[in-house]
Amino acid sequence: MFNLNKLNEKVEYEKWILAKVSNLISYQKNIRPSVIEFDSKEKTYTHHIQLNDSMSYNSVIDVYKDLSPLLFVNSYKTIDMFVEWILDGNKVSYTSNFVDKAEKFDSLLKKRTVKLPNSIKEKEIYLIISSIYHNLKNYRNKIIHSKWGENKQGNLIFTNTKGLLTDQILTFKSILIL
């Protein structure tokens, strides 16, 4: 019913992008602490300072910040494919429209007969996923389909939008608060 290999195949590209960016950042931050050696006989000490710097470190961080709209849309697509996986596992038909999938996902979660993967049985997790899916849909659509605002230091600032999205700043931290 819920084949994790199928889910992995669905999100393989998105996982690859997120892993590449994550690896670049963690690799660049691999800085070792300085070392102090004491010589009790001489009553002296030697302080070894190791400075690590990379000419590319700031460039990598800048690329990460520049790519934040892509990373956001990529993350949303991963959630979208997870929702599709749950719908498929329950044999629920859907269109490619996000609203259709979101409504069917919500309706499915309300049923007592809903089938969920054995690895994650807590319905609360799916309700959180549903909330994120609903709340971020308009942001995703604005980035993909229209002029939406600007990217400042990796924060997506939605200024050229209508309705709920007027003058919104979308940071990855704020996504958790939505």
Side-chain angles (χ1 to χ4, degrees), residues 1-31 52-90 92 94-102 104-106 116-120 122 124-161 164-165 168-178:
M1 178 184 340
F2 290 103
N3 184 335
L4 281 175
N5 289 331
K6 279 191 174 184
L7 179 62
N8 277 323
E9 287 173 16
K10 276 177 136 341
V11 298
E12 186 174 356
Y13 178 69
E14 287 73 14
K15 281 176 37 180
W16 178 81
I17 289 173
L18 295 172
K20 284 291 184 189
V21 171
S22 176
N23 290 340
L24 275 175
I25 292 170
S26 61
Y27 174 78
Q28 292 293 325
K29 290 185 175 183
N30 188 15
I31 300 172
N52 289 340
D53 196 9
S54 168
M55 290 178 61
S56 65
Y57 176 73
N58 288 333
S59 296
V60 168
I61 297 300
D62 288 345
V63 167
Y64 170 72
K65 290 175 182 176
D66 290 345
L67 290 178
S68 65
L70 171 68
L71 296 173
F72 169 74
V73 171
N74 177 288
S75 298
Y76 189 86
K77 184 62 180 168
T78 303
I79 294 170
D80 178 53
M81 288 189 274
F82 181 81
V83 167
E84 288 179 359
W85 183 63
I86 298 296
L87 292 172
D88 291 340
N90 283 274
V92 174
Y94 53 88
T95 67
S96 62
N97 182 293
F98 291 118
V99 173
D100 178 53
K101 286 187 271 189
K104 289 185 176 175
F105 187 63
D106 288 345
L116 300 172
N118 288 331
S119 53
I120 311 171
E122 295 81 13
E124 292 79 18
I125 292 172
Y126 297 95
L127 295 174
I128 291 168
I129 290 169
S130 176
S131 178
I132 291 171
Y133 194 61
H134 281 284
N135 288 327
L136 298 182
K137 174 181 52 69
N138 289 334
Y139 293 100
R140 177 261 175 212
N141 290 346
K142 288 296 180 184
I143 289 174
I144 296 294
H145 299 296
S146 65
K147 186 170 170 61
W148 53 273
E150 63 183 314
N151 176 359
K152 283 192 179 177
Q153 297 293 326
N155 295 320
L156 309 180
I157 301 173
F158 290 80
T159 54
N160 298 319
T161 58
L164 290 174
L165 300 175
Q168 294 292 312
I169 298 175
L170 185 62
T171 64
F172 288 105
K173 181 179 177 184
S174 70
I175 289 171
L176 300 174
I177 298 171
L178 283 177

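Remember, it's a predicted structure, so these values are computed and weren't measured experimentally.
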* Distance, nearest 0.5 Å, that separates CG of L4 from CG of N118 -> 9.5 Å
* To do: Can you see which heavy atom on V99 is nearest to which on K137, and at what distance?
  => CG2-CE, 3.8 Å
* Asked: How close do D66 and N151 get, heavy atom to heavy atom, and via which atoms?
  -> O-ND2, 3.4 Å
* Structure fact -> Only one of F105, Y76, Y126 passes ring-ring contact (aromatic ring centres under 6.0 Å, His included) with Y133, and that residue is Y76
* Contact summary for K15 and N8, nearest pair of heavy atoms -> NZ-OD1, 2.9 Å
* Test item: F82 and I86 side chains (from C-beta on) under 4.5 Å apart, heavy atoms -> yes
* To do: Taking the side chain as every heavy atom from C-beta outward, state whether Y94 and V83 have any pair of such atoms under 4.5 Å apart.
  => no
* Asked: According to the interplanar angle, ranging from 0 to 90°, do the rings of W16 and Y13 count as parallel (below 30°), tilted (30 to 60°) or perpendicular (above 60°)?
  -> parallel
* Asked: Looking at NZ of K142 and CG of L136, how far apart are the two atoms once the value is rounded to the nearest 0.5 Å?
  -> 15.0 Å
* To do: Hey, could you give me the CG/NZ distance between D80 and K101, rounded to the nearest 0.5 Å?
  => 3.5 Å
* So how far is it from D100 CG to T95 OG1, rounded to the nearest 0.5 Å? -> 3.5 Å
* F2 and G89: which non-hydrogen atoms are nearest, and at how many Å? -> CE2-CA, 3.7 Å
* Asked: Less than 4.5 Å apart, any side-chain heavy atom of H134 and any of D106?
  -> yes
* **Partner of I17 under side-chain contact (heavy atoms from CB on, under 4.5 Å), chosen from N74, L67, T78** => N74
* To do: Specify the closest pair of heavy atoms between M81 and L7, including all atoms of both residues, with the distance to one decimal.
  => O-CD1, 4.2 Å
* Asked: Looking at side-chain heavy atoms only, is the closest gap between K77 and V73 below 4.5 Å?
  -> no
* Structure fact -> To the nearest 0.5 Å, atom CD1 of I132 lies from atom OG of S75 at 10.5 Å
* Looking at CD of E12 and CG of N5, how far apart are the two atoms once the value is rounded to the nearest 0.5 Å? -> 11.0 Å
* Student check: side-chain heavy atoms of P69 and L156 closer than 4.5 Å -> yes
